[in-house]
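Proteins come first, then strands; the chains are lettered A, B, ... in the order of their sequence lines, and each starts at number 1.
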Amino acid sequence: MSVTEIPGTSAARVVQEIAPWIAGYDEAAFRAVADAAQHPAERAAREAAFQKYAAAPTPHGKMEEWRRTDPASLPFARMARLPYLSARSVGGHEWDEAFDVVIAVAEQGWQVMDRAGLVAQGAVSVQELSRAFIERTISEEEIAAWAPRPDAVDKTALLADAFWNVGFYIKVAEGVEVPRGVLIRWANAATSKALIGRLVVQMGSRSRMTMFERHDAPLRAEVLSVFSKRIHLGEAARVSWATLRMEGDHAVHVADEWISVERDARVEWTACNFGGKLIKARFTGDARQAGASVEMDGLYFARGEQHMDQKTLQAHSSPDTFSRLLYKGAVKDRGYSVYQGRIMARPGAVRVDAYQKNNNLVLNDGARADSMPGLQIDADDLKCSHGATIGNLDEEQLFYLRSRGLDEQTARATLIRGFFEEILQRLSFEPAREAVAQQITARIAS
Amino acid sequence: MSEQDIQNVVSDEYKYGFYTPIEEETVPKGLNEDIIRQISAKKQEPEWMTEWRLKAYRWWLKMREPRWANLEFPPIDFQDIRYYSAPKRREPEQLDPELQRTFERLGIPLHERNRLEGVAVDAVFDSVSVATTHKELLREKGIIFCSFSEAVREHPDLVRKYLGSVVPYTDNFYAALNSAVFSDGSFCFIPKGVRCPIELSTYFRINAMETGQFERTLIIAEEGSYVSYLEGCTAPLRDRNQLHAAVVELIALDDAEIKYATVQNWYTGDKEGRGGIYNFVTKRGHCRGKRSKISWTQVEAGSAITWKYPSCILEGDYSVGEFYSVALTNHKMQADTGTKMIHIGNHTRSTIVSKGISAGESNNTYRSLVQILPEARGCRNHTQCDSMLIGSRCKANTFPVVEAENSSAVIEHEASTSRISEEQLFYLQSRGIREEDGISLIVNGFCKEVLKKLPLEFAVEAIKLLEMKLDKSIG
């Protein structure tokens with residue numbers, strides 16, 4: 001760092017030299033990971049990602065994306081990457097019996113449970129990502145071809161693509177409907193370790209699937225999760241995807257997720273963000289061909305010192321596409337939530353119907369919510385609108401409940417649960433709804 | 001509306017594009033301490049004013065040109081601009097007949113037999129104020145309305161007290177530049193309890209070529225006072241860009257109200273985007289007193305590039321900030337405009353209504369900040385920003401930022417982007433209204449909420465201006 005003084009004032013301009021690597025994940029670290037690759041194909045894939053990672057600008061506070069989330073708070077330097085995870089028995093969970101395919105990941109390894117034989121039949125293919133690269137069932141080029149914004153590189157996402165220690169490629173064959181869906185459980189209890197995961201899902205045309213994910217870590221565990229998730233929907237495919245981030249109050253979760261939707265395909269995407277200390281997530285939906293529909297719903301509740309930074313993008317790359325987004329969040333204590341949303345209509349994307357809404361509850365002084373809805377429109381003949389609100393619970397509604405005998409605390413709790421109800425209704429799996437409701441209740445009470 | 005119609009984009013004649021051949025007094029091109037001293041000397045400024053300019057200049061030298069806006073323009077060579085140009089006075093206090101003719105052509109009444117009753121005018125031609133009307137009438141009420149240069153000479157205490165208190169020269173690159181080389185502008189002071197009986201207005205006309213225009217306006221409304229102020233501007237057609245970097249500071253004390261309206265019609269450049277004014281302006285109002293109110297109303301129809309965020313600092317409890325804007329871009333114009341409302345006091349309120357109209361190949365961006373500080377209780381904001389796109393090659397963007405750090409704030413924001421509805425146009429046409437008139441009507445309705453905030457005479461002018469700018473730009 002160099003410091004220049006401005007004569008006549010007590011201010012000084014500090015110029016920080018930006019390192020090309022994210023701390024701890026430099027060339028030497030990569031060599032070790034690449035050398036441990038199981039096969040040249042896997043190594044080549046990692047190398048390609050690493051080149052892009054090296055070339056990407058390192059996050060610093062002056063970048064628009066990082067203005068409200070200090071990159072220095074990312075604990076990469078003190079969280080060593082868990083060694084590459086291999087197949088191992090991981091143990092069951094009460095949710096397992098409701099799904100056809102379960103993928104369970106813990107710090108000791110991972111396990112795929114083909115509960116209904118769909119994988120054996122070939123209707124659904126679940127492969128360890130490195131194996132998928134080796135057998136060429138999927139390639140980095142194919143994934144890149146689906147990417148909504150190849151130009152908007154994110155160094156943390158590229159880190160995941162190069163350094164991943166667990167990864168899966170799921171393919172649902174054309175016309176297949178997975179009756180009871182897929183469950184992916186990611187759990188990390190290894191203190192001061194980083195779980196770096198990749199997920200690539202390809203839905204064949206006319207296929208259908210519900211996918212639930214949960215991210216767990218012990219309440220006080222200081223762990224790091226870095227995820228890069230990509231989903232591609234072929235023509236007329238339908239996916240309902242929900243992710244519950246419940247990693248306690250001390251974990252750091254960094255995610256870059258996108259869904260690319262082709263002709264007449266539809267996705268309903270729900271994110272419920274509760275843990276941990278810092279969540280920095282990017283969610284992008286790209287409606288690429290006519291008839292594509294993207295629905296994104298989100299729920300977040302920051303308490304204590306939690307910091308949640310969510311950036312969504314509804315991209316419309318084709319005429320006659322639809323998107324709708326509703327993100328609802330609450331902050332209390334000294335929690336800080338950031339919502340940054342954009343609807344982007346590329347040139348020529350006419351007859352687009354896009355809507356974005358962000359509602360925030362600020363429950364006490366000292367909590368903070370920042371909302372930045374945005375529109376970037378390069379085409380005419382479309383309908384795009386957004387709305388955002390920030391405020392506390394409605395005084396009149398509180399009075400109404402209290403005048404019917406509810407005490408203040410119960411009245412507040414009722415209104416907060418009511419606020420989130422809209423999002424809870426989007427979750428089709430009852431136990432998931434209960435888990436989310438429990439998280440909300442715990443936060444209201446604490 | 002066929003593609004062919006869209007191609008027939010207006011060769012709208014900028015009827016103010018003429019040039020007045022008049023003897024001008026100038027300084028050489030370029031910028032250095034010497035030039036600044038020359039400018040200050042020509043204006044016969046006291047030592048403290050010269051010093052202030054020099055301090056600003058030295059600060060400016062350390063700053064870097066900002067490039068974060070959603071605008072594209074080639075690098076500006078600050079040494080290739082003339083920073084002062086004033087018409088030579090033949091005799092003191094007498095207006096050059098050429099100048100008189102110019103302002104008549106522009107429709108600006110410089111004599112007190114006004115065709116617009118009840119408007120006092122301060123006319124600024126290039127770097128100097130050439131005439132101010134109704135000064136006596138205003139003086140009777142204790143109101144000071146004069147050119148900024150005159151205020152520096154006649155009312156130095158007031159100027160020193162308030163200059164730079166809302167936009168310090170350290171604020172941003174263009175504010176620093178303006179503070180160093182500001183030419184002229186208006187100064188207005190309304191004493192306690194006085195309601196200004198007539199509209200005050202300043203009219204800016206750039207004439208000389210290769211000059212920059214840097215006006216400085218300062219309006220102070222003391223306790224319980226009221227003033228309504230209007231600013232208008234035009235410039236000749238030229239094929240090189242000219243820089244206009246103004247600074248406007250408004251201060252409202254307890255129970256005071258300032259209404260500031262702008263109808264901006266700087267030369268936009270030709271259809272290929274050559275020439276045109278760069279309008280990089282810093283405008284800020286400080287609601288210093290309790291229950292004070294500042295409202296900004298703007299109709300931006302000109303400039304090659306508009307870059308400005310008229311803002312309100314709501315410090316006094318119960319103070320109110322308003323921003324009403326219509327920004328129209330056509331051909332290759334670009335605009336990155338919006339507002340900032342900073343809520344510091346309790347129970348402060350802000351209202352933002354922004355209407356953007358993009359046509360041709362233009363790029364229109366709305367950018368705003370609504371900030372509620374942690375100690376500000378009971379604040380409210382309502383924002384509505386709408387964009388209308390005309391034609392398939394233009395762009396509209398909206399980048400609002402809301403930061404709420406107090407739990408009692410209520411903030412509502414909505415925005416929409418659409419094009420002129422085919423159905424609405426068909427409805428009008430089927431009732432015998434021509435397509436162009438139909439579009440006018442629809443655009444008028446779109447902007448109504450903003451236009452009704454303008455003083456009546458100027459609302460009429462503004463509507464005519466918008467219609468003229470959009471003439472034949474159908475899509």
Of the backbone (N, CA, C, O) and the side chain (C-beta and beyond), which part of [X] lies under 4.5 Å from a heavy atom of chain B, both, or neither?
| X | result |
| --- | --- |
| Asn364(A) | backbone |
| Ala367(A) | backbone |
| Leu363(A) | backbone |

[atom1]/[X] to [atom2]/[Y] distance, rounded to the nearest 0.5 angstrom?
| X | Y | atom1 | atom2 | result |
| --- | --- | --- | --- | --- |
| Ile343(A) | Thr417(B) | CD1 | OG1 | 8.0 Å |
| Leu382(A) | Ser392(B) | CG | OG | 11.0 Å |
| Ser371(A) | His413(B) | OG | NE2 | 8.0 Å |
| Leu375(A) | Cys385(B) | CG | SG | 7.5 Å |
| Asp378(A) | Asn397(B) | CG | CG | 6.5 Å |
| Asp370(A) | Leu369(B) | CG | CG | 9.0 Å |

Below 4.5 Å, heavy-atom pairs only: which of [options] has the largest tally toward chain B?
| options | value |
| --- | --- |
| Gly387(A), Ala354(A), Ala388(A) | Ala388(A) |
| Lys357(A), Arg342(A), Met344(A), Gln356(A) | Arg342(A) |
| Val362(A), Leu393(A), Ile377(A), Asn392(A) | Ile377(A) |
| Glu395(A), Met372(A), Lys383(A) | Met372(A) |

Do [X] and [Y] have side chains that get closer than 4.5 Å, going by heavy atoms?
| X | Y | value |
| --- | --- | --- |
| Glu403(B) | Arg68(A) | yes |
| Trp68(B) | Glu64(A) | no |
| Pro373(A) | Pro400(B) | yes |
| Thr398(B) | His386(A) | yes |

Check whether more than 12 heavy atoms from other residues, nucleotides or ligands sit under 6.0 Å from atom [atom1] of [X], and answer yes or no.
| X | atom1 | answer |
| --- | --- | --- |
| Glu33(B) | CD | yes |
| Phe446(B) | CZ | yes |
| Lys340(B) | NZ | no |
| Lys395(B) | NZ | no |
| Arg58(B) | CZ | yes |
| Glu65(B) | CD | yes |
| Arg349(B) | CZ | no |

*For Ser408(B), is it the side chain, the backbone, both, or neither that has a heavy atom closer than 4.5 Å to a heavy atom of chain A?*
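Contact with chain A is through the backbone of Ser408(B) alone.
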
_Contacting region of Ala404(B) [heavy-atom separation from chain A under 4.5 Å]_ =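 For Ala404(B), the contact with chain A is made by backbone and side chain together.
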
*Decide, yes or no, whether a salt bridge links Asp365(A) with Arg377(B) under the criterion of side-chain N to carboxylate O below 4.0 Å.*
yes

*Heavy-atom pair count under 4.5 Å with chain A, highest-scoring of Glu414(B), Glu405(B), Glu412(B)*: Glu405(B)

*Any chance you could lay out the side chain to side chain contact (heavy atoms under 4.5 Å, CB included) test for Thr389(A) and Ile411(B), step after step, and finish with the verdict?*
CA-CA 5 Å; Thr389(A) 62; Ile411(B) 301 177; over 6 Å; no

